[in-house]
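Letters A, B, ... mirror the listed sequences (proteins, then strands); counts begin at 1. Bear in mind the structure is a predicted one, so any value in this text is a computation, not a measurement.
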Amino acid sequence: MTYNHTMPIQTQQLQPAQRIIHVVKLIPQGKVLPYGKVADLAGLPGRARYVSTALKQSKDGQVPWHRVISASGKLAFPPDSALFRIQTELLWNDNVEVNQGKVNLSTDMWQPDIATLVLSLPF
DNA sequence: GATGTGACGACTG
DNA sequence: CCAGTCGCCACAT
């Protein structure tokens with residue numbers, strides 16, 4: 001079929017928040033990913049804060065939200081908060097060390113290869 | 001629109 | 001390292 005500009009190109013359309021959740025679900029056990037990187041992989045550069053918004057709204061227990069951390073390697077919650085303690089425990093369950101509220105990004109950050117992304121991202 | 005609020009991130013001292 | 005500042009962007013008021 002020849003291209004007709006009157007018909008829109010058919011692409012897999014997922015809403016931004018859905019794409020964020022999709023990316024977060026790809027983070028393997030034992031690895032973490034900063035908010036900004038999640039946004040990048042979701043095709044939303046510069047929208048790190050939107051990642052936290054989307055995660056907060058998704059109360060789906062299937063989303064490994066605890067694997068998303070700040071770019072500094074620190075957990076994003078205040079150390080005295082309940083969520084901080086929960087996230088710390090979930091990360092330890094993943095076999096990820098959390099010391100002083102921080103994880104070792106050089107060893108524990110997810111670094112997917114291009115092929116994995118091409119095969120995993122439906123957009 | 002204007003304004004305020006974040007589970008952010010880059011920069012600075 | 002850290003703490004503060006500022007830019008950023010989606011959302012709620």
Apart from Ile114(A) itself, which Ile, Leu, Val, Met, Phe, Trp or Tyr residues share its cluster (side-chain heavy atoms under 4.5 Å, direct or through members)? Val118(A)
Taking salt bridge (Lys or Arg N to Asp or Glu O under 4.0 Å) as the cut-off, I'd like each qualifying pair that reaches into residues 26-47 of chain A, sequence neighbours left out, listed once. none
Could you name each residue pair satisfying salt bridge (Lys or Arg N to Asp or Glu O under 4.0 Å) that touches residues 80-92 of chain A, not counting sequence neighbours? none
Please examine the side chains of Arg49(A) and Thr53(A), heavy atoms only from C-beta on, and report whether any two atoms are closer than 4.5 Å. no
According to side chain to side chain donor-acceptor pair (under 3.5 Å), who are the partners of Ser106(A), at least two apart in sequence or on a separate chain? Asn104(A)
Kindly state each residue pair satisfying side-chain hydrogen bond (donor to acceptor under 3.5 Å, both in side chains) with at least one member in residues 19-30 of chain A, sequence neighbours excluded. none
Near-strand residues of [range], defined as heavy-atom separation under 4.0 angstrom from DNA chain B:
range: residues 103-111 of chain A; value: none
range: residues 49-62 of chain A; value: Arg49(A), Ser52(A), Leu55(A), Lys56(A)
range: residues 74-93 of chain A; value: Ala76(A), Phe77(A)

Does Trp65(A) form a side-chain contact (heavy atoms from CB on, under 4.5 Å) with Gln87(A)? I'd like the steps, not just the answer. CA-CA 8 Å; Trp65(A) 60 269; Gln87(A) 186 171 20; 3.8 Å; yes
Earliest and latest nucleotide of DNA chain C, 5' to 3', sitting under 4.0 Å from a non-hydrogen atom of chain A? dC2(C) to dC11(C)
Within the distance-only criterion (no hydrogens, no angle test), does the side chain of Ser120(A) pair as donor or acceptor with the backbone N or O of Thr116(A) below 3.5 angstrom? yes
With sequence neighbours excluded, residues passing salt bridge (Lys or Arg N to Asp or Glu O under 4.0 Å) with Asp94(A): Arg67(A)
Just distance, no hydrogens or angles: give the donor-acceptor pairs under 3.5 Å from side chains in residues 69-79 of chain A, sequence neighbours left out.
{"unit_1": "Ser70(A)", "atom_1": "OG", "unit_2": "Lys74(A)", "atom_2": "O", "d": "3.4"}
{"unit_1": "Ser72(A)", "atom_1": "OG", "unit_2": "Lys74(A)", "atom_2": "N", "d": "3.4"}

side-chain contact (heavy atoms from CB on, under 4.5 Å), that's the test. Do Leu33(A) and Val68(A) meet it? Break it down for me. CA-CA 5 Å; Leu33(A) 202 58; Val68(A) 185; 5.6 Å; no
Could you work out, with side chain to side chain contact (heavy atoms under 4.5 Å, CB included) as the rule, every residue matching Asn95(A), not counting sequence neighbours? none
Considering heavy-atom distances to DNA chain C, does Pro45(A) or Lys102(A) have its closest nucleotide positioned more toward the 5' end? Lys102(A)
